[in-house]
**Q** 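Pasting a structure here, questions to come.
Note that ligands are numbered from 1 as they come in the structure, with each ligand's atoms numbered from 1 the same way. For clarity, every value in this text was computed on a predicted model and none was experimentally measured.
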Amino acid sequence: MSSKSRGLLFIVSAPSGAGKTTLVERLVEHTPHLKMSRSYTSRRARAGEIDGVDYNFVSRERFEAMIAAGEFLEWAEVFGNLYGTSAADTERMLAEGNDVVLVIDVQGARKVRSRGIETTAIFVMPPSMHVLEQRLRGRSKDSEEAIQRRLQVAREEVAAFVDYEFVVVNDELTAAVDRLRSIVIAQRSRLRRMRADAEGIVKTFG
Ligand code: 5GP
């Protein structure tokens, strides 16, 4: 669909380690006209992360100046670092007719919702706490303390699934990406979005 109408805004949240970044990267790769928003963060880049690709890495001072200037659609402090979504970047992508996915934490999702912005919010869950713990241990060189901290935050975060419209369990990557894609396709097929196309088709019937 290359419709020029304004794009749809999707939110994907998940506890850290649930695999949401990989999922959403795959989703975007396989779905035309769907873009992933690039957040700003005050945290340092991890090994292998690239400024302007994984995040826009900025100093805490710069981030705070952006908050003061009202540049964020939403922002939140997560694990002691600031993360935020640029309002202008998001608006540009939506205005170009692309659908946009924000991969943000549950606090950020709440802020977007409280602004009355229309979104489709999807919560990605690991199959169990045990699986999440294994993934956290497997992927990182985080200290035991850091892993415990992430698990504690995850315990609080998973309870937030009730605030979302869709839940996807990330048990198997390909199946989970398919489920995410089916949500995007369903939202694109809603009458509200399809009305002009449908009316055009009706006209061909004379
Ligand atoms: P990480 O430092 O592991 O890349 O991300 C830590 C957490 O910050 C994740 O839960 C991620 O979803 C969240 N996050 C990343 N970007 C944003 C953002 O722009 N806004 C908010 N609210 N959370 C974000």
Side-chain angles (χ1 to χ4, degrees), residues 9-28 35-60 62-67 69-94 100-115 117 119-126 129 132-133 135-143 145-161 163-164 166-168 170 176 180:
L9 188 59
F10 292 87
I11 291 179
V12 172
S13 301
S16 149
K20 63 184 173 300
T21 310
T22 310
L23 269 183
V24 175
E25 279 170 2
R26 289 277 179 100
L27 170 70
V28 167
K35 308 276 177 219
M36 187 168 162
S37 160
R38 187 181 312 111
S39 296
Y40 284 76
T41 183
S42 71
R43 90 155 156 71
R44 292 234 182 139
R46 297 188 186 117
E49 283 182 331
I50 300 167
D51 183 27
V53 175
D54 298 285
Y55 282 103
N56 295 309
F57 293 99
V58 295
S59 67
R60 196 169 180 104
R62 169 93 186 96
F63 198 107
E64 284 168 353
M66 290 176 74
I67 297 174
E71 290 182 33
F72 289 117
L73 177 64
E74 63 73 36
W75 65 272
E77 181 149 7
V78 187
F79 303 120
N81 296 306
L82 300 169
Y83 296 83
T85 307
S86 158
D89 292 354
T90 309
E91 181 51 38
R92 189 179 327 108
M93 289 189 281
L94 291 172
V100 177
V101 193
L102 310 181
V103 184
I104 60 178
D105 84 320
V106 299
Q107 307 171 69
R110 258 180 226 127
K111 284 191 193 167
V112 175
R113 240 180 266 119
S114 72
R115 288 178 149 222
I117 297 167
T119 65
T120 299
I122 308 165
F123 197 84
V124 174
M125 292 179 118
M129 162 113 178
L132 179 64
E133 187 168 355
R135 286 183 189 162
L136 285 175
R137 287 186 196 289
R139 78 160 186 189
S140 73
K141 296 161 194 76
D142 281 352
S143 64
E145 192 197 338
I147 289 171
Q148 289 307 328
R149 197 154 55 102
R150 281 181 189 272
L151 285 174
Q152 182 52 40
V153 172
R155 235 174 247 126
E156 291 156 20
E157 284 186 334
V158 284
F161 77 89
D163 297 331
Y164 289 70
F166 293 93
V167 173
V168 169
N170 187 14
L180 279 177

**Q** For a quick check: using heavy atoms under 4.0 Å, what are the residues in contact with ligand 1, sorted by chain and number?
**A** K20, S39, R43, R46, Y55, E74, A76, V78, Y83, G84, T85, V103, I104, D105, G108
**Q** If a pair satisfies salt bridge (Lys or Arg N to Asp or Glu O under 4.0 Å) and one of its residues is in residues 13-25, list it, with sequence neighbours excluded.
**A** none
**Q** Sequence neighbours excluded, which residues qualify as salt bridge (charged side-chain N to carboxylate O under 4.0 Å, His left out) partners of R150?
**A** D142
**Q** Under the ring pair (Phe, Tyr, Trp, His ring centres under 6.0 Å) rule, collect the residues that match up with F57, sequence neighbours excluded.
**A** Y55
**Q** Within this structure, what is the CG-OG1 distance for the pair L9 and T120, rounded to the nearest 0.5 Å?
**A** 8.0 Å
**Q** For the pair N170 and R135, evaluate side-chain contact (heavy atoms from CB on, under 4.5 Å) and give the outcome as yes or no after the intermediate values.
**A** CA-CA 12 Å; N170 187 14; R135 286 183 189 162; 3.9 Å; yes
**Q** Charged N to carboxylate O below 4.0 Å: is that the case for E64 and R60?
**A** yes
